[in-house]
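What follows is a single structure, written as structure tokens, with notes after it.
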Amino acid sequence: MTSDADVFRRRVIAIVRRIPPGEVATYGDVADAAGYPRAARAVGNVMKSCSTPGVPCHRVVAAGGRLGGYGGNESLKRALLRAEGLAVTTKRITNFADRRWRNRRSSRP
DNA sequence: TAATTGACTTCGC
DNA sequence: GGCGAAGCCAATT
């Protein structure tokens with residue numbers, strides 16, 4: 001059944017899978033790409049339930065270049081992002097602005 | 001069915 | 001610069 005929630009989850013997963021290596025996207029960006037610019041939290045929930053392999057959840061970070069959660073293992077997330085070619089510090093991504101995956105429908109002034 | 005939680009975001013103090 | 005509160009969406013209990 002294509003429940004709205006299922007579609008949302010499917011959409012989020014599809015979008016996250018579309019994130020190219022070496023780039024990252026924020027929960028808000030993924031939510032926006034999914035059609036719900038305010039569903040950043042919902043994206044987090046979907047990620048937590050992401051039983052779908054091939055989904056680079058570690059490429060999804062919080063806004064402002066912060067790491068976010070990743071199950072609490074932000075150290076692991078930091079290592080993965082660094083392996084992707086990103087400059088990550090203990091709390092945020094240094095070149096986040098340059099590595100941010102542009103997927104938003106409208107550019108923000 | 002209703003209420004709570006959660007890997008968020010943003011503004012205010 | 002750090003902490004707190006409010007707002008939004010979906011999943012879970």
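Numbered from 1 within each chain, the chains take letters A, B, ... in sequence-line order.
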Inset, instruction - Measure from the side-chain N and O atoms of Arg11(A) to the backbone N and O of Gly35(A), and report whether any donor-acceptor pair falls under 3.5 Å. - result: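 Not a single qualifying donor-acceptor pair exists.
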Inset, instruction - Kindly say whether Ala63(A) contributes a backbone atom to a donor-acceptor pair with the side chain of Arg66(A) at under 3.5 angstrom? - result: yes
Inset, instruction - Enumerate the residues from residues 59-68 of chain A whose closest heavy atom to DNA chain B is under 4.0 Å, giving them by residue number; use none for an empty result. - result: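 Close to the strand are Ala62(A), Ala63(A), Arg66(A).
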Roughly, in whole Å, what's the span from [atom1] in [X] to [atom2] in [N]?
| X | N | atom1 | atom2 | result |
| --- | --- | --- | --- | --- |
| Tyr70(A) | dA7(B) | OH | P | 14 Å |
| Met47(A) | dC8(B) | CE | C1' | 12 Å |
| Arg11(A) | dA10(C) | CZ | P | 13 Å |
| Ile13(A) | dA10(C) | CD1 | P | 15 Å |
| Asp32(A) | dA10(C) | CG | P | 14 Å |
| Arg38(A) | dC11(B) | CZ | P | 11 Å |
| Phe8(A) | dG6(B) | CZ | P | 18 Å |
| Arg92(A) | dG1(C) | CZ | C1' | 13 Å |

Inset, instruction - Would you mind telling me which residue lines up with the more 5' stretch of DNA chain C, Asn45(A) or Arg41(A), judged by nearest nucleotide? - result: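 Residue closer to the 5' terminus by nearest nucleotide: Arg41(A).
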Side chains of [X] and [Y], heavy atoms from C-beta outward: is any pair under 4.5 Å?
| X | Y | result |
| --- | --- | --- |
| Cys57(A) | Lys77(A) | no |
| Met47(A) | Val60(A) | yes |
| Ile15(A) | Trp101(A) | yes |

Inset, instruction - Give Ala39(A) one of three labels, base, sugar-phosphate or nothing, depending on what nucleic acid heavy atoms sit under 4.0 Å from its own. - result: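 Sugar-phosphate: the residue Ala39(A), judged by heavy atoms under 4.0 Å, touches backbone atoms but no base.
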Legend entry - Nearest-nucleotide pick for Tyr27(A), side chain only, options being dG6(B), dC8(C), dC8(B):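 Among dG6(B), dC8(C), dC8(B), the one nearest the side chain of Tyr27(A) is dC8(B).
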Legend entry - Any Tyr36(A) side-chain N or O less than 4.0 Å from OP1/OP2 of dA10(C):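 Yes, such a contact exists.
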Legend entry - Shortest non-hydrogen contact between Ala25(A) and Ile19(A), atoms and distance: CB-CD1, 3.8 Å
Inset, instruction - Mind checking the OG1-CG spacing from Thr90(A) to Leu67(A)? Nearest 0.5 Å is all I need. - result: 8.5 Å
